[in-house]
Amino acid sequence: MSTPQEYIDQNKDKFLNELFELLRIPSISTDSSKKDAIRNAADFLVGQLEALDFERVELFETPGNPIVYGEHCPYDDQPTVLVYGHYDVQPSDPDDLWDTPPFEPTIKDGSIYARGASDDKGQSFTHVKAIESFVKSGTPIPVNVKFILEGEEEIGSPNLVPFLENHKDLLACDMVLISDTAMFGKDQPSITYGLRGLAYMEMEVVGPNRDLHSGVYGGAVENPLNVLCEMIAKMKDEDGVIQIPGFYDRVIPLTQADREASAALPFDEEAYKNSLDIKEVHGEKGYTTLERASARPTLDVNGIWGGYQKEGAKTVLPSKAGAKVSMRLVPDQDPKEIARLFQEYVESIAPDTVKVTANEHHGGFPSVTDLDFYGLKAGAKAFEEIYDKEVLFSREGGSIPIVADFKRVLGVESILMGFGLTSDAIHSPNEKFSVKDFHRGIKTSARFFELLPDFKE
Ligand code: BES
Ligand code: ZN
């Protein structure tokens, strides 16, 4: 009989092969033609949990994609950890920019290249394999565990939120464990204690009833594409301050302590610029790059359309134009309120020459984890033992909206124990996840479960 840690070392290749099986499934949640793949990924995970001798494993149907659930809760006197992850992935396009096929996982220079390798199949799978290391080494799992793996994170978890509200007893727990974030740097373990929220809007500007000749009508009829650009230009001033009235009303200002903690992180701005091939960073005046990218709200155009996009020059004044705009939010901003303020602002700056609409896509609340929570301390200790390096605590700019819902509905903190790297190219071509971090992630997770009873308060 081996220990869980020995089992993990002995089964490196088996774990990788199993992860590859999951990565081969193109479970893209934004693509309605991928429903079979979604189901295959969910079924694969059900099979994985069933192999762990859990008392209960279930696939819950929802109006959207199914939720995978499993639990093993033998103790009355030990904490219950709810492991959350998502098996859906972002689209792989633009496919021609991938060096290897997105759904044919390939190991190159010590990393697994595939869509979902880091976000979030590879990262969330670490916990499944950590639990397996107890079961298969004949070691009792030291705490109660529940798994909830959803297939709609990348589209804003529309069905998980009602599921939480309707299954509070089933999901009752002392903490949530999530690996869907990045470490502060290579070989630098870190726990993320803040995530931004999101309000995502789509604007449309409609002008004349048809596309027009830009010579015949240009100068006399409003051009929706020009209007759109002018309106977008009015959203921020030259200091990067968002101009929507009321936008900052609920923003909790950074304290001196927040700013000192952020400044103490080993951030290398030159390396950051070099890694992105940019001459200068950019953002809200008076804040550092780290603050801008994690602890301050933003407004960004994510896509814009209208007019002639193909080869050559077509002289046309488009009848319609549109843009997708995301706003990342910080505590205590409310996505619904921000969406409403955005709509009101758009209406107030729209000229009478066009019709303008602004509709809301998915959104989510920001979140901050209590740094004194005992689960966070157990997580930090586990990380330190496996990575042999002191853990950093940092905030990140991405969003996992369900974290705020876990707090609101279940009343629990989430431990964001990311094993990915900012350079993993999540959502981009050539997404990757380090093989070493996949392995260390499994070890860290197993160690966390071992240590948790000692930290219990
Ligand atoms: N794993 C990311 C979130 C993330 C990335 C957190 C990097 C911290 C650092 C997650 O899968 C994601 O992409 N979330 C979306 C949420 C949205 C669709 C509601 C995001 O942040 O765009
Ligand atoms: Zn993602």
Side-chain angles (χ1 to χ4, degrees), residues 23 27-31 41 64-65 84-93 102 114-126 149-161 176-185 188 190-202 290 292-295 297-303 324-330 333 335-336 338-339 360-369 392-406 414-429 431-433 437 441:
L23 290 172
S27 45
I28 304 167
S29 49
T30 46
D31 184 344
N65 298 338
Y84 163 84
H86 63 96
Y87 64 81
D88 65 320
V89 298
Q90 286 274 328
S92 52
D93 73 289
R115 171 56 86 229
S118 177
D119 183 12
D120 175 43
K121 288 173 174 174
Q123 291 210 57
S124 55
F125 205 52
T126 58
L149 306 167
E150 71 154 319
E152 298 187 328
E153 194 272 347
E154 300 291 6
I155 52 170
S157 307
N159 289 295
L160 186 57
V161 178
V176 184
L177 178 62
I178 305 177
S179 294
D180 192 21
T181 50
M183 296 191 289
F184 195 77
Q188 175 56 69
S190 48
I191 289 186
T192 301
Y193 70 93
L195 288 170
R196 289 195 286 201
L198 180 69
Y200 199 110
M201 311 297 295
E202 179 147 357
L290 273 189
R292 289 169 178 169
S294 64
T298 66
L299 184 149
D300 276 295
V301 179
N302 289 217
K324 295 178 196 278
V325 177
S326 75
M327 291 168 281
R328 295 284 167 175
L329 312 178
V330 300
Q333 286 177 299
K336 289 266 173 240
I338 293 296
E360 188 189 352
H361 282 276
H362 53 245
F365 279 88
S367 57
V368 173
T369 309
L392 298 178
F393 292 87
S394 61
R395 291 171 70 157
E396 280 194 277
S399 309
I400 311 177
I402 204 68
V403 170
D405 296 298
F406 283 136
S414 292
I415 304 163
L416 298 166
M417 195 192 258
F419 303 119
L421 290 172
T422 311
S423 54
D424 280 348
I426 63 171
H427 297 205
S428 305
E431 175 177 350
K432 63 179 194 294
F433 184 36
D437 286 319

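Atoms within a ligand are numbered from 1 in the order they appear, just like the ligands themselves. Heavy-atom basis, side chains included; hydrogens, waters and symmetry copies ignored.
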Any donor-acceptor N/O pair, S29 side chain to E152 backbone, under 3.5 Å: no

Nearest heavy-atom neighbours spanning Y84 and L160: CE1-CD2, 3.6 Å

Enumerated ligand 1 atoms positioned under 4.0 Å from heavy atoms of L198: 17 (C), 19 (C)

Approximate separation, where rounding is to 0.5 Å, of F419 CZ and D120 CG: 11.0 Å

Atom 18 (C) of ligand 1 [closest protein heavy-atom partner, distance rounded to 0.1 Å]: E154 O, 3.5 Å

Smallest separation among heavy atoms of T30 and I155, with atom names: CG2-CG2, 3.5 Å

The Zn ion (ligand 2) reached by H427 (N, O or S, under 2.8 Å): yes

Atom of E154 nearest the Zn ion (ligand 2) (restricted to N/O/S, atom name only): OE2

Nearest-neighbour protein heavy atom for atom 9 (C) of ligand 1, which is reported as residue plus atom name and distance: E396 OE2, 3.2 Å

P401 contact mode with ligand 1 (heavy-atom cut-off under 4.0 Å): side chain

Residue D119 atom name (nearest to the Zn ion (ligand 2); N/O/S): OD2

Any Q90 heavy atom less than 4.0 Å to ligand 1: no

Short side-chain to backbone donor-acceptor contact, D88 and E153, under 3.5 Å: yes

Ligand 1 versus D180: contacting region, heavy-atom distance under 4.0 Å: both

Side-chain donor or acceptor of R115 paired with backbone N/O of P429 under 3.5 Å: no

Aromatic ring pairing Y200/H362, orientation class (parallel under 30°, perpendicular over 60°, tilted between): tilted

Close N or O approach (T181, ligand 1; < 3.5 Å): no

Closest approach of any protein heavy atom to atom 10 (C) of ligand 1, naming residue and atom: E153 OE2, 3.2 Å

Test item: S190 side-chain N/O and F184 main-chain N/O as donor-acceptor pair under 3.5 Å: yes

Rounded distance [0.5 Å steps], CE in M327 versus CG in L198: 8.5 Å

Proximity to ligand 1 by part of E152, non-hydrogen separation under 4.0 Å: neither

Heavy-atom donor-acceptor pair, E431 side chain to G116 backbone, under 3.5 Å: yes

Ligand-side contact atoms (ligand 1) for residue partner H362, heavy atom cut-off under 4.0 Å: 18 (C), 19 (C)

Subset of ligand 1 atoms that lie under 4.0 Å from at least one heavy atom of I426: 5 (C), 7 (C)

Exercise: identify the closest heavy-atom pair between K121 and V89: CE-CG1, 3.9 Å

Atom 22 (O) of ligand 1: the protein heavy-atom neighbour that sits closest, reported with distance to 0.1 Å: R328 NH2, 2.9 Å

Location of contacts on H86 toward ligand 1, heavy atoms closer than 4.0 Å: side chain

Shortest protein heavy-atom distance from atom 15 (C) of ligand 1, along with the residue and atom involved: S399 O, 3.5 Å

